Amino acid sequence: MSVTIKPREKFNHHTRDLRPTILNMPKIDLHRHLEGSLRLTTLAEIAHEHGVDLPSMSPEELRPLVQVVADDTPNFHNFLAKFKLLRRFYSSREAVERIAYEAVADAAHDNIKYLELRFNPVALALNQGFNFEDVADWVIEATEEAQRDHEIQVRLIVQIGRHEPQYARQLAEIAVDRQDNGIVGLDLAGDEINFPVTKFVDVFQWARKKGLHVTIHAAEAGPAVNIKEAIDKLGAERIGHGIRAREDIAIMDLLNRKQIPLEICPTSNLQTGMIPKLAQHPIYAFYQLGIPVTVNTDDPSISNTTLTDEFLMASGGAGVPFKDLCKMIIYAAQAAFLPETEKSALVEWFQVKLKKYVSEPH
Ligand code: HPA
Ligand code: ZN
C-alpha cells in the first residue's frame, strides 16, 4: 500500500476552513527532531558548498532520498533509513549551526511559541569526526541566536539512538552538564523493534537523579508494554508516540492513572505504517479516556509537514473537535520540561491566548 500524504490537498472542506485559524493560533511542539527538520533547499546548498558525496544535488533530486514521498511503502525501517543519508550533511560547524537556526525559525513561522527540539550529537558529529560536546554547543548557540531573532522559546532534549548504546553515557553527561544552557531532557529514539532498553537503564536512572527530564519513544513500533518499561525502568515522564497502547487496556489505564502525556505525531504514524488510515488513529480515543495527548510534528522535513498540518490531520482525519485541539495545547504546556513556576506561567499564557479561539464558533 502506498500512502500519499499531502495534507493541503487531502483535507475536506471543514478542515480547509480551519487552516488560517490553526496557523494563527499559538502552538507548542514537544516532539521535533532537529535531524528531521532540514530544509531541502539548505541541503542542496550544503551539498554544493561542501561537496557532499551524493548521487544527486538539486532539491527535487534530493527529495526522495531525504523525505517520505508518495512511492514509499509506509514502513518503520524505511522511515528511519532517511536519517542515515542525512548524516552526510553535517559537514561543518556552519552547516550544523545553520540547520539548528533554521529549525527554530521554521517553527516560529508556524506560530509555535514553545518548542522542545531534540537532537542527537552522534548523528551531527560522527561523519566529520567532530566532538559530541562541540556539536552540542553549536546547537545551543544557534538556537539561542534564533530565539533572539524570533518570538519563540526553545528548550533542547538530547537524543540517544537505540542502536548506539556505546555513546549513551557520554551523551547523558553532555546533557547534564548543559542544564543551564537550555538542555532539559533526555530521549531514547530509533529502532524500537531490534534494540531493547536494557543497556540504557543505568544511564537514564543516573540522568534523572541529576535533574534531567526523560521522554522515551515507546509503543510506536514495539508492543504496548514498552510504555510500562519506559516508565518503570527509564523514568519516562512523557512517551513519544505510544500509539500501540491502544492494543492493551491495562497500558491505557496506566497512562491515565499516572497522567503520562503522549507526544502524538499523526503523519509520522502513517508514514511508518503503524497506523493504516488516519480515521483509525487513536488520538481522540486516548483523549476521551483521559490520557493527556499532545500534537507534534516528529520530523517536519522528512514528513513534509508543519505543526499546523498535524493539527489539521488531528481535526479532519482523526476527528478531534476544535475545542479539544485547544485543550491538547494546554496539555502540552502542562507537560513542558520546565521548572514549576515557568511552567505555570506558560500554561497561563496559553490559557489566556487560546480563550478567544475556544469562545468563537469554529
Ligand atoms: N521513531 C524513532 N526514532 C526516530 C523517530 C521516530 O519516529 N523520528 C526520528 N527518530
Ligand atoms: Zn520521534
Side-chain angles (χ1 to χ4, degrees), residues 3 5 28-38 66-68 72 74-87 89-90 99-100 103 107 115-124 126 139 156-165 167-168 171 185-197 200 213-224 226-227 229-230 234 236-245 261-275 281 283 293-307 310 313 332 335 337:
V3 174
I5 291 149
I28 293 178
D29 196 337
L30 298 177
H31 189 132
R32 180 176 295 217
H33 297 261
L34 175 58
E35 296 83 16
S37 305
L38 285 67
V66 298
Q67 210 168 67
V68 178
D72 285 337
N75 175 282
F76 183 56
H77 291 108
N78 289 352
F79 186 87
L80 292 185
K82 306 284 177 188
F83 291 96
K84 274 199 200 139
L85 185 87
L86 283 166
R87 285 191 174 194
F89 287 89
Y90 315 121
I99 59 141
L115 168 68
E116 287 183 10
L117 184 64
R118 55 192 76 194
F119 70 105
N120 179 351
V122 178
L124 299 173
L126 219 51
V139 170
L156 298 169
I157 294 173
V158 166
Q159 176 201 317
I160 300 171
R162 282 183 183 253
H163 68 296
E164 295 171 330
Y167 304 120
L171 295 183
L186 213 54
D187 170 38
L188 188 63
D191 185 348
E192 191 191 350
I193 308 269
N194 293 308
F195 298 92
V197 299
F200 301 96
H213 290 283
V214 169
T215 178
I216 303 288
H217 283 70
E220 175 193 19
N226 284 6
I227 289 175
E229 198 177 48
L234 304 182
E237 299 155 87
R238 302 194 314 234
I239 295 293
H241 301 288
I243 44 176
R244 288 193 60 190
L262 294 183
E263 303 157 359
I264 299 283
C265 314
T267 298
S268 169
N269 298 154
L270 293 174
Q271 294 182 341
T272 54
M274 301 318 302
I275 303 286
H281 201 291
I283 181 170
V293 296
T294 65
V295 180
N296 308 274
T297 50
D298 212 10
D299 301 291
S301 65
I302 288 180
S303 298
N304 195 15
T305 193
T306 64
L307 189 58
E310 295 307 300
M313 302 277 277
F337 285 163

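One-based numbering, in listed order, for ligands and for the atoms of each. Everything numeric here is computed off the predicted structure, so don't read it as measured data. Residue indices begin at 1 and follow the sequence shown.
- Within the listing of ligand 1, atoms 6 (C), 7 (O), 8 (N) sit less than 4.0 angstrom from a heavy atom of Asp298.
- By the criterion of a heavy-atom distance under 4.0 Å, the side chain of Asp299, and not its backbone, is placed next to ligand 1.
- Here Glu192 has no heavy atoms under 4.0 Å from ligand 1, in either its backbone or its side chain.
- Contacts of Glu220 with ligand 1, taken as heavy-atom pairs under 4.0 Å, involve the side chain alone.
- Applying the salt bridge (charged side-chain N to carboxylate O under 4.0 Å, His left out) rule to Arg32 yields the partners Asp29; only residues at least two apart in sequence or on another chain are considered.
- Ring orientation note: the planes of His241 and His217 are tilted relative to one another, at an angle of 30° to 60°.
- Between Arg244 and Glu192 there is no salt bridge, since none of the side-chain N atoms of the basic residue sits less than 4.0 Å from a carboxylate O of the acidic one.
- Around the Zn ion (ligand 2), the protein atoms of type N, O or S found under 2.8 Å away are His31 NE2, His33 NE2, His217 NE2, Asp298 OD1, listed by chain and number.
- Residue Gly190 places at least one N or O, backbone or side chain, under 3.5 Å from an N or O of ligand 1.
- Using a cutoff of 4.0 Å between basic side-chain nitrogens and carboxylate oxygens, Glu164 and Arg87 are scored as salt-bridged.
- Under a 4.0 Å criterion applied to the non-hydrogen atoms of Leu80, ligand 1 contributes the atoms 2 (C), 3 (N), 4 (C).
- Nearest protein neighbour of atom 10 (N) of ligand 1, counting heavy atoms only, is His33 CE1, 3.5 Å.
- Close contacts between ligand 1 and Ala189 involve ligand atoms 3 (N) [criterion: under 4.0 Å to a heavy atom].
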